[in-house]
Amino acid sequence: MAETWVTDDELREAHQRYAAGIPGYVAPAAHGVARKDGDDLTFGHINPPGAARPLPSVVMASVCGYVSTTGVFRLDRERFAEAVARLTPAESATHIPHPNLWTWRELLAGGDADSEFLAFYLADEDDPVADGDDARFRERFPAPADQPSWAKGVDLSRPSPARVYDYLLGGGHNFASDRALAEQLLAVEPEARRWAAANRSFLGRAVEYLLDAGVRQFIDLGAGIPTVGNVHDIALGATSDARVVYVDVDQVAVTHSRHLVADVADRVGVVQADMRSPHAVLADPETQRLIDFDRPVGILMVAVLHFVSDADDPWAALAAYRDAVPSGSGLVISHISHPAEMTDEVKQSVRTYSSSAAPLTLRSQPEVEALFAGWQLADPGVARVLRWRAPAAADADSTPDIPGLVGVALKP
């Protein structure tokens, strides 16, 4: 039986084993990969400073030769495939979205026989640029300043749900206020990072389900920042005719998103709008440019409806989106619910988040099921995050539950 790393302990053990096999190994400040075809670089997932994922970096280092010095390490297709194979056992840990592994595979599947693969390692943020390829790698980093020029006039002292979520996922598109709130949450609820990753993994499974059902267009409402395990990478990786519109009300999230999808702007758009205003979302020129409302559309509301209070009438907004799309369209919802045993500390962390970032409305299973009015739920209906169509390798019964409910439905 092939080796699998299912639990966090197994992932840590794998990391320690690989690191021990590289004498003098020092975890990098940043790392990433790319495929080089002539002068063209196609980047995979970038792990910028402050967001490096230790297991992918040490696994790639075991193949490419990085130990502790900044550099660009060049591999042929066979060696890059070896790195993919070495990281593959981590895929069994389904509570993690594995953006590195996904994009390594995508890079390997493309190009031609002459393609070269590059592994970038930045040992220290102050290290000089190694060469032109290294410079292009560093251009992919988010702006280092906590008040970049394009954020002029934005109050970055107030944390944003999108950026807190990005930080919990290991992304690099967040600011000091977001990180401070996230660390407060982690201090009282260390599982918050795992909760975020499990929710992101569900998003991937849900998008794949809709793709299998024939949906090729997606409107991701309250999308945040599409960095780790994003919709367009999944959809475009499956079919080149996919179209994605990201929607968020947060100006910083929207600006980041437009930068991140610039190379696929013919198929991916970003709209700044409030998801509670369906007309503004649906009538926006970007939505109209990319979405054909005569064909099935996937409406994604992942980790956002708990920010919509009953007073804001989420049912009316959901009805408007439902009525705008044809039969065969899909609806994806994930929603925070009460943990089975909410300690006083966790209750306080919820209150802190609700007052600092955005008010939270936690809903019960019947209340989440009611959000799917007019849709036909796919099996297993509204379920816990880890129990919605998890891969066979995942042992959901032995994994601590996530305080969330999810579901996917199709329009009859």
Side-chain angles (χ1 to χ4, degrees), residues 1-34 43-105 107-108 117-128 130 133-134 137-138 140-141 167-172 179 183 186 190-191 193-194 196-197 200-201 227-229 393 399:
M1 181 177 177
E3 183 179 15
T4 59
W5 308 326
V6 178
T7 66
D8 289 339
D9 285 343
E10 289 172 335
L11 293 170
R12 280 191 290 270
E13 289 169 3
H15 175 265
Q16 291 166 1
R17 185 168 69 250
Y18 271 101
I22 307 173
Y25 176 79
V26 176
H31 69 98
V33 295
F43 284 94
H45 185 67
I46 300 299
N47 302 267
R53 292 174 178 267
L55 184 56
S57 66
V58 73
V59 168
M60 180 60 75
S62 72
V63 172
C64 75
Y66 167 82
V67 176
S68 61
T69 304
T70 292
V72 180
F73 300 83
R74 302 174 188 279
L75 301 87
D76 60 20
R77 185 175 292 275
E78 182 178 357
R79 293 290 285 170
F80 193 79
E82 183 179 345
V84 172
R86 291 189 184 187
L87 187 57
T88 292
E91 190 174 29
S92 300
T94 55
H95 62 281
I96 295 174
H98 305 297
N100 290 279
L101 180 58
W102 289 355
T103 57
W104 291 7
R105 285 175 171 162
L107 292 176
L108 190 62
F117 298 88
L118 310 182
F120 301 91
Y121 281 81
L122 178 62
D124 186 279
E125 291 184 57
D126 295 328
D127 285 350
D133 291 332
D134 184 25
F137 165 62
R138 299 194 201 191
R140 309 285 294 196
F141 294 174
Y167 179 79
L168 292 173
L169 287 170
R179 296 188 286 271
E183 290 298 335
L186 290 167
E191 291 285 272
R193 198 180 294 279
R194 183 173 71 89
R200 197 65 160 181
S201 181
T227 53
V228 180
T399 305

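Please read these numbers as outputs of a predicted model, since none were measured by experiment.
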* **Minimal non-hydrogen separation, Leu107 against Phe117, with atom names** => O-CE2, 3.6 Å

* Are any of the side-chain heavy atoms of Thr88 and Arg105 separated by less than 4.5 Å? -> yes

* Structure fact -> Distance col, row Leu118:CG vs Phe137:CZ, nearest 0.5 angstrom, shows 11.0 Å

* Minimum-distance pair of heavy atoms, taken over all atoms of Asn100 and Asn47 -> OD1-ND2, 2.8 Å

* Asked: Does Arg74 make a cation-pi contact with Phe80, if we ask for NZ or CZ under 6.0 Å from the ring centre and within 45° of the axis?
  -> no

* Taking the side chain from His98 and the backbone from Ala93, do they hold a donor-acceptor pair closer than 3.5 Å? -> yes

* Asked: For the atom pair NE2 (His15) and CD (Glu10), what is the distance rounded to the nearest 0.5 Å?
  -> 16.0 Å

* **Atom of Trp5, atom of Ala90 and distance for their closest heavy-atom approach** => CE3-N, 3.4 Å

* Asked: Does the distance from a Lys or Arg side-chain N to an Asp or Glu carboxylate O, for Arg79 and Asp76, drop under 4.0 Å?
  -> no

* Short side-chain to backbone donor-acceptor contact, Tyr121 and Val67, under 3.5 Å -> no

* Asked: Will you find, in the side chains of Tyr25 and Ser62, an N or O donor that is under 3.5 Å from an N or O acceptor?
  -> no

* **Thr7 OG1 to Arg12 CZ distance, which is reported to the nearest 0.5 Å** => 7.5 Å

* Under a 4.5 Å cut-off applied to non-hydrogen side-chain atoms, are Leu168 and Leu186 in contact? -> yes

* I would like to know whether Glu13 and Arg17 meet salt bridge (charged side-chain N to carboxylate O under 4.0 Å, His left out); could you show each step before the answer? => CA-CA 6 Å; Glu13 289 169 3; Arg17 185 168 69 250; 5.9 Å; no

* Polar side-chain atom of Arg193 near backbone of Tyr167 as donor-acceptor pair, under 3.5 Å -> yes

* **Plane angle bin for Tyr66 and Phe73 - parallel if under 30°, tilted between 30 and 60°, otherwise perpendicular** => perpendicular

* Asked: Any donor and acceptor pair, going by atom type alone, linking the side chain of Arg77 with main-chain N or O of Leu108 inside 3.5 Å?
  -> yes

* Residue pair Leu87 / Leu55: nearest heavy atoms and the distance that separates them -> CD1-CG, 4.1 Å

* Asked: Taking all non-hydrogen atoms of both residues, which atom of Phe120 and which atom of Val72 are closest, and how far apart?
  -> CD2-CG2, 3.7 Å

* Asked: Hey, is the main chain of Val26 close enough, under 3.5 Å, to the side chain of Ser68 for a donor-acceptor pair?
  -> no

* Structure fact -> On a heavy-atom basis, the closest approach of Arg138 and Pro128 is NH2-O, 3.0 Å

